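First comes the structure, then the notes that go with it.
Excluded from the calculations below are hydrogen atoms, water molecules and symmetry mates; all remaining heavy atoms, backbone and side chain alike, are included. Atoms within a ligand are numbered from 1 in the order they appear, just like the ligands themselves. None of the values given here were measured: they were computed from a predicted structure.
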Amino acid sequence: MGNNAKVILDCDPGHDDAISIILAASNVSNLEIEAITTVAGNVEVEKNTVNALKVCDIVGLKDVPVAQGAAKPLYRQAEIAEEIHGETGLDGPKLPDEPKKKAVDQHAFDLIINKIMLSNDDITLVPTGPLTNIAMAMIREPKIIPKIKEIVLMGGGTFGNWTPAAEFNIYADAEAAKIVFESGAPITMFGLDVTHQALATQETVTKFAEIGNDVSDFVVELLKYFIHTYKEFFDFDGGPIHDACTVAYLINPDIFDVKKLRVDIETKGEFSYGMTCVDTHGVTNRQANVNFAYQLDQKKFWSLFEDALSSYS
Ligand code: RIB
Ligand code: CA
């Protein structure tokens with residue numbers, strides 16, 4: 001299964017980012033992780049980097065370079081979501097204080113630029129945090145844009161979760177998102193409309209707990225914490241594993257229904273800053289620039305997860 005895509009995971013782990021990395025590194029994925037880059041988002045970039053390194057330790061990603069990226073958005077102050085992911089950014093599971101793996105001594109955007117410039121135009125960028133690193137790479141080296149195979153991102157939606165209009169990843173750096181969405185690179189967008197369907201519940205926890213290997217046990221602890229905070233803050237009956245939709249799509253696109261739509265990013269609105277203006281009915285007559293995911297097949301999605309976690313046994 002899978003399309004042997006070469007991927008760069010740009011993330012802010014974060015519980016759902018961590019699960020996304022675990023899915024990408026599993027034996028069912030066939031994805032080749034070229035690099036993992038981190039960005040300020042759920043918590044400060046230093047903590048997100050430590051978390052990414054700890055996840056690499058857990059799944060045995062010894063040879064994948066991890067590079068730390070932007071500590072703040074392009075123009076604004078950093079916005080963090082500590083209340084959702086906890087003080088460490090990965091609260092819940094018991095983890096060693098320090099990771100064994102070390103980050104490379106290179107900025108994330110330089111690693112992204114180098115990997116893409118040296119590639120055969122076959123690298124897919126998979127941002128699951130604010131788009132600051134991606135935008136900075138495009139600004140520093142515009143030649144990467146036509147060489148990017150696809151950008152498969154988690155962000156936005158026809159409604160918000162950080163403000164009534166805006167989802168966190170886009171809100172955290174809407175100027176960066178505007179650069180990316182207007183770049184012309186092929187984009188497949190996993191917004192809240194579809195990621196809220198990827199709802200891990202207590203039943204999911206019970207099922208995953210039966211798998212019984214170190215990685216599945218780690219995911220169980222992540223989900224227990226995530227489900228608790230989503231109940232507390234949003235009164236959800238589960239935790240939406242937003243970011244993992246990107247990797248699940250790359251492994252098996254048949255899990256999702258997508259449609260070409262126009263999406264513009266609001267960077268000026270008093271109440272709408274960070275909104276992804278999704279032209280669901282084509283009223284703008286502006287050229288569609290996004291493959292918009294709107295539906296997922298529950299059975300295929302969760303059985304992929306079970307297979308992926310079982311592959312670590
Ligand atoms: O709004 C959900 C997004 O914000 C996810 O990427 C989650 O990890 C947080 O970064
Ligand atoms: Ca994230």
Side-chain angles (χ1 to χ4, degrees), residues 7-24 36-45 47-52 54-55 66 68-73 78-86 88-92 108 125-134 151-174 176-177 180 188-200 219 222-223 225-230 233-234 236 238-249 265 273-276 278 293 296:
V7 296
I8 294 177
L9 307 178
D10 184 68
C11 55
D12 61 339
H15 292 67
D16 52 333
D17 304 76
I19 294 172
S20 186
I21 294 170
I22 288 166
L23 182 58
I36 294 175
T37 51
T38 61
V39 64
N42 283 321
V43 287
E44 294 79 358
V45 69
K47 291 182 183 177
N48 290 331
T49 307
V50 164
N51 292 339
K54 287 182 179 178
V55 175
V66 175
Q68 182 164 301
K72 63 178 289 298
E79 186 88 15
I80 62 170
E82 200 172 285
E83 54 273 53
I84 305 293
H85 298 272
T88 67
L90 272 190
D91 279 20
L125 295 178
V126 187
T128 57
L131 290 165
T132 315
N133 288 337
I134 311 302
I151 299 175
V152 179
L153 64 87
M154 191 279 141
T158 60
F159 55 92
N161 64 359
W162 204 250
T163 73
E167 177 277 329
F168 175 78
N169 287 343
I170 307 298
Y171 181 85
D173 195 345
V180 173
T188 298
M189 168 182 162
F190 289 83
L192 299 177
D193 305 79
V194 71
T195 66
H196 278 185
Q197 298 172 41
L199 203 66
V219 169
L222 287 172
L223 290 179
Y225 185 89
F226 204 47
I227 290 168
H228 170 75
T229 54
Y230 260 82
F233 281 91
F234 300 103
F236 273 32
I241 38 178
H242 307 279
D243 297 335
C245 290
T246 58
V247 169
Y249 170 77
I265 309 296
Y273 175 85
M275 179 179 180
T276 48
V278 182
L296 75 78

Suppose we only allow N, O or S atoms; which atom of Asp12 ends up nearest to the Ca ion (ligand 2)? OD1
How far is atom 9 (C) of ligand 1 from the closest protein heavy atom, and which atom is that? Asn42 OD1, 3.1 Å
Met154 heavy atoms within 4.0 Å reach ligand 1 at atoms 2 (C), 3 (C), 5 (C), 6 (O)
Tell me the contacting part of Thr195 for ligand 1: side chain, backbone, both, or neither, using a 4.0 Å heavy-atom threshold, strictly below. neither
Would you tell me whether Asn133 and Asp10 have side-chain atoms, one donor and one acceptor, within less than 3.5 Å of each other? yes
the protein heavy atom lying closest to atom 3 (C) of ligand 1 turns out to be Glu167 OE2, 3.3 Å
Tell me whether the rings of Tyr273 and Tyr171 are parallel (<30°), tilted (30 to 60°) or perpendicular (>60°). perpendicular
In this structure, is the centre-to-centre distance between the rings of Tyr225 and His85 below 6.0 Å? no
Could you walk me through whether His196 and Tyr230 pass the ring pair (Phe, Tyr, Trp, His ring centres under 6.0 Å) check? CA-CA 11 Å; His196 278 185; Tyr230 260 82; 7.1 Å; no
If you look at Asp243, which of its N/O/S atoms is nearest to the Ca ion (ligand 2)? OD2
Please report the C-alpha distance between Ile19 and Leu222 in whole Å, then the side-chain angles of each, then the deciding distance to 0.1 Å, and finally whether the side chain to side chain contact (heavy atoms under 4.5 Å, CB included) criterion is met. CA-CA 8 Å; Ile19 294 172; Leu222 287 172; 3.9 Å; yes
Would you mind running through ligand 1 and noting each atom that sits below 4.0 Å from a heavy atom of His242? 2 (C)
For ligand 1, which part of Ile84 has a heavy atom less than 4.0 Å away: the side chain, the backbone, both, or neither? neither
For ligand 1, which atoms have a heavy atom of Asp17 less than 4.0 angstrom away? 8 (O)
When distances are taken from atom 4 (O) of ligand 1, the protein heavy atom at minimum range is Asn169 OD1, 3.3 Å
What protein heavy atom lies closest to atom 6 (O) of ligand 1? Include the residue and the distance to one decimal. Asp243 OD1, 2.6 Å
Check the pair Asn169, Asp12 against side chain to side chain contact (heavy atoms under 4.5 Å, CB included), reporting the backbone distance first and the verdict last. CA-CA 10 Å; Asn169 287 343; Asp12 61 339; 4.3 Å; yes
Option from Leu296, Val126, Val152, Asp243 for which side-chain contact (heavy atoms from CB on, under 4.5 Å) with Phe190 holds: Val152
N, O or S atom of Asp17 closer to the Ca ion (ligand 2) than 3.0 Å: yes
The Ca ion (ligand 2) to Thr128: any N/O/S contact under 3.0 Å? yes
What is the nearest protein non-hydrogen atom to atom 8 (O) of ligand 1, stated with its residue, atom name and distance? Asp16 OD1, 2.6 Å
Using only heavy-atom distances, determine whether the side chains of Asp91 and Thr88 contain a donor-acceptor pair under 3.5 Å. yes
Applying the side-chain contact (heavy atoms from CB on, under 4.5 Å) test to Cys11, which of Asp17, Val66, Thr246, Asn48 qualifies? Asp17
